[in-house]
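Below, chains carry the letters A, B, ... as their sequence lines are ordered, and counting in each starts from 1.
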Amino acid sequence: MLPRDVGSDPEAWDAASVPELPEVETTRRHVAQALTGRRIDVVEIRRDRMARRNERPADIVERLVGRTVESVGRIGKFIVIEVEGDLRWVIHLGMSGRLQLAGASHPEAPHTNVVVSLDDGVELRFVDPRTFGFVAVWTAEEWAASTMPAIGRDALSDTPDAVWLADRLAGRTAPIKALLLDQRVMAGIGNIYADEVLHRCGVRPTRPAGSLTSGEVEGLASVVGPVLEDGLLHGGTSLDDLAYLLPDGRAGEYAARLRVYGRTGEPCRTCGTPIERTIVAQRSSHFCPRCQT
DNA sequence: AACGATCCCTGTTGGC
DNA sequence: TGCCAACAGGGATCGT
């Protein structure tokens, strides 16, 4: 799954599917090789909604064309690309977004909403049927005025320690899962990983965040990194909609790693008790009623 | 300030 | 079989 010489090979590299943090990091690593040092020749915004975090879609085109990419980074699930001229090009994959690298002659996938052509003939294509993702290009001032500065510590590269986490959870009455999903606390955990993390540390998603004992906070802090590392190890696997898991072999491999998410009624892999499902923070949540208290 | 609810959007699914 | 409502999700935004 390593990127080929896409400049000469018309066969596209297709990023992994779902925007869980490990897939975003996998995507970042692949596009970094293709983008870094390249000059941007053409930018097409085909669905204005994808550019909704800029004042005008044309701003994105005008700011990127002719400029060179300096670096490709990541904060949580946001891909942050530094562009010549003190600009930040931000890409969020939403829930159905994928980045593709392809030669210009390679057929386009449906819902190719943004296309960026590089000076070596490679195209970066942003495919996103549900358009929950977005692309933005911000000046330093616009970045500062955006929600980005409030984004919390990256859950993978800057995994919070127990002391820091305890401080953030203290006094909070919202369910612990809501805080795990809050990107202003730590960045990168989505609905699936939130459930998986909570199962591994034995805490129910509904527990008020401030009610966790110091031991539970330590347990939580200790599993976040490993769970995400494990996901990154399998970062090439695909995961589309949950119901789509079974037909796809690779997706099945991913599903086999999940301990609770999407396993309502199935036996807990630890104790055999049927996994239960409830709604927390307006999101489906899965837990083992025996292992998690 | 903190928290919960709503909305955006479309492919897929399940009920009738 | 066919139709259509329900559902999934991340993040912005609004009301309390």
Protein-nucleotide distance (A/Lys77, atom NZ; C/dG10, atom P), rounded to Å = 5 Å
Residue from A/Ile75, A/Thr147, A/Ile151 passing side chain to side chain contact (heavy atoms under 4.5 Å, CB included) with A/Gln183 = A/Ile151
Between A/Thr173 and B/dC3, does any side-chain N or O lie under 4.0 Å from OP1 or OP2?
-> yes
Measure from the side chain of A/Arg49, starting at C-beta and using heavy atoms only, and say which of B/dA2, C/dA8, B/dC8 lies closest.
-> B/dC8
NA contact type, A/Pro175, heavy-atom cut-off 4.0 Å: base, sugar-phosphate, or nothing?
-> sugar-phosphate
With the threshold set at 4.0 Å, does a side-chain nitrogen-carboxylate oxygen contact exist between A/Glu25 and A/Arg29?
-> yes
Over how many whole Å does the gap from A/Ile151 atom CD1 to C/dG10 atom P extend?
-> 14 Å
A/Leu93 has an atom CG; how far is it from atom C1' of B/dC9, in whole Å?
-> 16 Å
Check whether any side-chain N or O of A/Arg283 sits under 4.0 Å from OP1 or OP2 of B/dT6, and answer yes or no.
-> no
In whole angstrom, what separates A/Leu21's CG from C/dG10's P?
-> 12 Å
Where the side chain of A/Gln282 is defined as all heavy atoms beyond and including C-beta, which of B/dA5, C/dG10, B/dG11 is the nearest nucleotide?
-> B/dA5
A/Asn191, A/Thr206, A/Asp182, A/Thr278 screened by side-chain hydrogen bond (donor to acceptor under 3.5 Å, both in side chains) with A/Lys177, the one that passes | A/Asn191
Of the candidates B/dC3, C/dG10, C/dG11, the side chain of A/Arg53 sits closest to C/dG11
Think A/Gln183 has a side-chain N or O under 4.0 angstrom from the OP1 or OP2 of C/dG10?
-> no
Positive for side chain to side chain contact (heavy atoms under 4.5 Å, CB included) with A/Asp128, one of A/Leu93, A/Val114, A/Asn113, A/Val135 = A/Asn113
Out of B/dA2, C/dA8, B/dG11, which has the shortest distance to the side chain of A/Arg277?
-> C/dA8
Nearest-angstrom distance from the residue atom CG of A/Asp128 to P of B/dG11 = 11 Å
Let me know the distance between CZ of A/Arg47 and C1' of B/dC9, rounded to the nearest Å.
-> 8 Å
Does the C/dA8 base have a donor-acceptor partner in the side chain of A/Arg130 within less than 3.5 Å?
-> yes
Nearest-nucleotide pick for A/Thr147, side chain only, options being B/dA2, B/dC9, C/dA12 = C/dA12
Along DNA chain B (nearest heavy atom to each residue), the more 5'-positioned of A/Arg184 and A/Pro129 | A/Arg184
Ignoring backbone atoms, establish whether A/His111 has a side-chain N or O less than 4.0 Å from OP1 or OP2 of B/dC9.
-> no
Parallel, tilted or perpendicular, as decided by the 30° and 60° cut-offs, for the rings of A/Phe78 and A/His92 | perpendicular
Looking at A/Glu84 and A/Arg39, does any basic side-chain N land under 4.0 Å from a carboxylate oxygen?
-> no
Quick one: is A/His92 getting a side-chain N or O under 4.0 Å of the C/dG11 phosphate, OP1 or OP2?
-> yes
Euclidean distance, atom CG of residue A/Leu179 to atom P of C/dG10 [Å, nearest integer] = 15 Å
Of all the nucleotides listed (B/dT10, C/dG11, B/dG4), which has the minimum atom distance to the side chain of A/Ala174?
-> B/dG4
Between P of C/dG11 and CE of A/Met95, the distance in whole Å = 12 Å
Shortest side-chain distance from A/Phe78, nucleotide among B/dC8, B/dA2, C/dG11 | C/dG11
